[in-house]
2 protein chains.
Amino acid sequence: MTVPTGRRERKKAATRRKIADTALRLFLERGYGSVGIRDVAAEADVAVTTLFSHFASKEALVFEQDENFEHRLAQAVTDRAPREPLVRALRREIQAMVRHCASDSAAPVWRMIDESPALRQYEESMRLRHADSLTTAIAADLGLSPATTACRTIARFVIDSHALAREAADPEAAVDEIFRMIEAAWEVAFPSRRARGAVPPGSTGQRPAGP
Amino acid sequence: MTVPTGRRERKKAATRRKIADTALRLFLERGYGSVGIRDVAAEADVAVTTLFSHFASKEALVFEQDENFEHRLAQAVTDRAPREPLVRALRREIQAMVRHCASDSAAPVWRMIDESPALRQYEESMRLRHADSLTTAIAADLGLSPATTACRTIARFVIDSHALAREAADPEAAVDEIFRMIEAAWEVAFPSRRARGAVPPGSTGQRPAGP
DNA sequence: ACCGTAACACTAACGGTTAGTGTTTTGAAA
DNA sequence: TTTCAAAACACTAACCGTTAGTGTTACGGT
């Protein structure tokens with residue numbers, strides 16, 4: 001079990017990328033529903049079982065880069081400038097993501113997603129993971145347990161903002177508008193010293209994080 | 001196409017209920033994943049195609065009453081007492097729903113849902129419909145277009161509160177806490193006359209009652 | 001009494017997914 | 001280098017949810 005940075009890994013990554021690229025190309029050419037897993041496997045010149053050893057499901061072929069998404073949000077929290085408000089850092093990141101979704105390169109993919117119920121459903125279930133991941137990052141930043149209701153709520157609202165903004169007529173303006181609402185929610189949950197509130201922090205489930 | 005309140009409808013409803021009851025019983029007895037559609041159909045003494053003419057999917061067997069859920073939220077908006085704040089009516093309804101989820105009769109079902117990824121995913125996709133439906137009700141109440149970002153955002157937050165509270169240690173307290181955040185978001189999106197002027201954050205909670 | 005229709009049944013299949021089994025490739029230890 | 005365990009890959013065959021196609025009843029309205 002040493003560090004495996006050899007040819008094997010490169011080959012594996014190459015196979016994975018070939019499958020994903022082939023799938024996306026076929027999906028965009030013929031439509032997601034009209035392309036079967038067996039078609040993708042044949043075109044990528046791999047066995048069906050090999051395809052499923054790289055991707056957990058057909059939908060996962062489309063959201064290949066979603067781990068990236070998940071990771072960027074957590075990083076936006078942990079890697080932000082010292083003293084920068086947490087919510088502001090998240091707004092910037094969501095803003096960038098929404099902008100990218102509307103870019104020419106990504107737009108056809110998102111149109112395909114919007115047209116497929118199966119893909120929309122999968123996207124929604126990804127949000128659960130994203131929200132959980134973001135909850136962990138936020139809770140860690142605040143020194144609270146990830147079970148804290150307020151942390152989970154803010155995380156969920158932030159994830160929602162991406163979905164809501166993507167469907168809005170003016171996505172970037174929507175992000176700003178939604179984040180004004182999120183910041184208000186944040187202030188209620190975690191009153192800052194600056195904003196006079198003298199309201200004790202959330203009355204439920206608040207526990208300092210363990211070691 | 002007259003009012004069809006005859007035997008046919010009763011028979012149909014009976015078949016539907018028999019299928020749903022049988023399914024739920026088998027799922028709880030043997031586990032959701034260990035019971036196949038063919039098992040349910042055989043036990044309910046109907047053909048598989050008949051089962052699918054009553055329910056769109058296997059998961060829909062578990063969430064049989066979800067139309068009820070969707071309808072109740074919209075009703076909470078439209079049927080509330082005159083002048084009652086919209087958000088407060090929604091909080092009451094969500095509170096009641098969450099309480100019901102924790103009741104002895106419903107608890108085993110929700111435990112089953114929590115343990116099945118397929119069911120959790122389906123539940124999450126239901127929320128899209130619920131949020132859309134609630135968006136329509138809220139927008140109508142405010143005389144706005146359902147496309148308004150703030151309406152869609154509030155609706156989504158309210159739907160989230162149900163999911164978040166259900167997973168919290170103290171669900172009812174969680175609903176209160178989340179709705180304090182939602183009300184703050186609401187005030188930012190739709191500033192009320194009463195709340196004009198310098199109002200310190202945190203004072204827009206559900207407490208300043210008064211009819 | 002009749003007819004249109006909605007419910008139901010049955011057979012086959014489709015498409016995503018997995019189990020089981022065996023083969024090749026690869027990284028590193030001997 | 002040789003050897004070896006693990007990992008990737010392939011293949012067959014199936015499982016399971018779901019649907020199409022085709023009838024067959026049973027009901028309700030006329």
Side-chain angles (χ1 to χ4, degrees), chain A residues 1-20 22-24 26-27 30-64 112 116-123 125, chain B residues 1-20 22-24 26-27 30-64 112 116-123 125:
Chain A
M1 256 317 176
T2 55
V3 191
T5 45
R7 187 180 327 171
R8 182 182 282 172
E9 284 230 325
R10 261 179 287 125
K11 280 204 173 183
K12 180 173 181 176
T15 301
R16 181 190 164 89
R17 207 161 289 153
K18 184 176 184 183
I19 294 173
T22 304
L24 203 56
L26 292 184
F27 290 159
R30 308 185 207 160
Y32 179 76
S34 308
V35 178
I37 284 290
R38 291 161 178 92
D39 298 332
V40 175
E43 184 85 7
D45 200 29
V46 296
V48 171
T49 47
T50 300
L51 187 154
F52 277 108
S53 75
H54 285 273
F55 298 92
S57 67
K58 185 186 181 185
E59 294 89 42
L61 288 165
V62 173
F63 293 97
E64 186 219 1
M112 178 179 79
S116 161
L119 288 175
R120 287 190 67 86
Q121 179 164 354
Y122 184 85
E123 186 197 357
S125 80
Chain B
M1 246 296 244
T2 55
V3 192
T5 38
R7 187 178 330 178
R8 184 180 281 172
E9 281 231 325
R10 258 180 289 128
K11 281 203 172 182
K12 179 173 183 177
T15 300
R16 180 190 165 90
R17 206 163 292 150
K18 184 176 184 183
I19 295 172
T22 302
L24 203 56
L26 292 185
F27 290 160
R30 307 186 208 158
Y32 179 77
S34 307
V35 179
I37 283 290
R38 291 163 178 89
D39 298 331
V40 176
E43 184 84 8
D45 198 30
V46 296
V48 172
T49 45
T50 301
L51 188 155
F52 277 109
S53 75
H54 285 273
F55 299 93
S57 67
K58 185 186 182 185
E59 295 88 42
L61 287 166
V62 175
F63 294 98
E64 188 217 1
M112 178 179 78
S116 161
L119 287 175
R120 287 190 67 86
Q121 179 165 356
Y122 185 84
E123 186 196 357
S125 80

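Chain letters run A, B, ... following the sequence lines, proteins first and then strands; every chain starts at 1.
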Atom-to-atom span, [atom1] of [X] to [atom2] of [N] - whole angstrom:
X       : N      : atom1 : atom2 : value
B/Ile37 : C/dC14 : CD1   : C1'   : 16 Å
A/Ile19 : D/dA8  : CD1   : P     : 12 Å
A/Phe55 : D/dA8  : CZ    : P     : 13 Å
A/Leu61 : C/dT17 : CG    : C1'   : 13 Å
A/Asp39 : C/dC14 : CG    : P     : 13 Å
B/Lys58 : D/dC15 : NZ    : P     : 15 Å
B/Arg10 : D/dA26 : CZ    : C1'   : 14 Å
B/Leu26 : D/dG17 : CG    : P     : 12 Å

Next item on the list: Check whether any side-chain N or O of B/Ser116 sits under 3.5 Å from a backbone N or O of B/Met112 as a donor-acceptor pair, and report yes or no.
Entry: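 No.
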List the atom of [X], the atom of [Y], and the distance in Å for their closest heavy-atom pair.
X       : Y       : answer
A/Ala20 : A/Glu64 : CB-CD, 3.7 Å
B/Arg16 : B/His54 : NH1-O, 3.1 Å
A/Phe55 : A/Ala60 : CD2-O, 3.9 Å

Checklist line | Contact letters for nucleotides 2-12 of chain C, in which S counts primed atoms plus P, OP1 and OP2 and B counts the base, heavy atoms under 4.0 Å | finding: --BBSSSBBB-
Next item on the list: Validate the cation-pi geometry between A/Lys58 and A/Tyr32: distance from NZ or CZ to the six-membered ring centre under 6.0 Å, angle to the ring axis within 45°.
Entry: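 Yes, a cation-pi geometry.
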Check: How would you label the contact of B/Val35 with the nucleic acid (heavy atoms, under 4.0 Å): base, sugar-phosphate, or nothing?
Finding: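 Sugar-phosphate: the residue B/Val35, judged by heavy atoms under 4.0 Å, touches backbone atoms but no base.
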Less than 3.5 Å apart, which donor and acceptor atoms pair up between the side chains of residues 38-53 of chain A and the rest of the protein, not counting sequence neighbours?
unit_1, atom_1, unit_2, atom_2, d
A/Asp39, OD2, A/Gly36, N, 2.9
A/Glu43, OE2, A/Arg25, NH2, 3.1
A/Ser53, OG, A/Thr50, O, 2.7

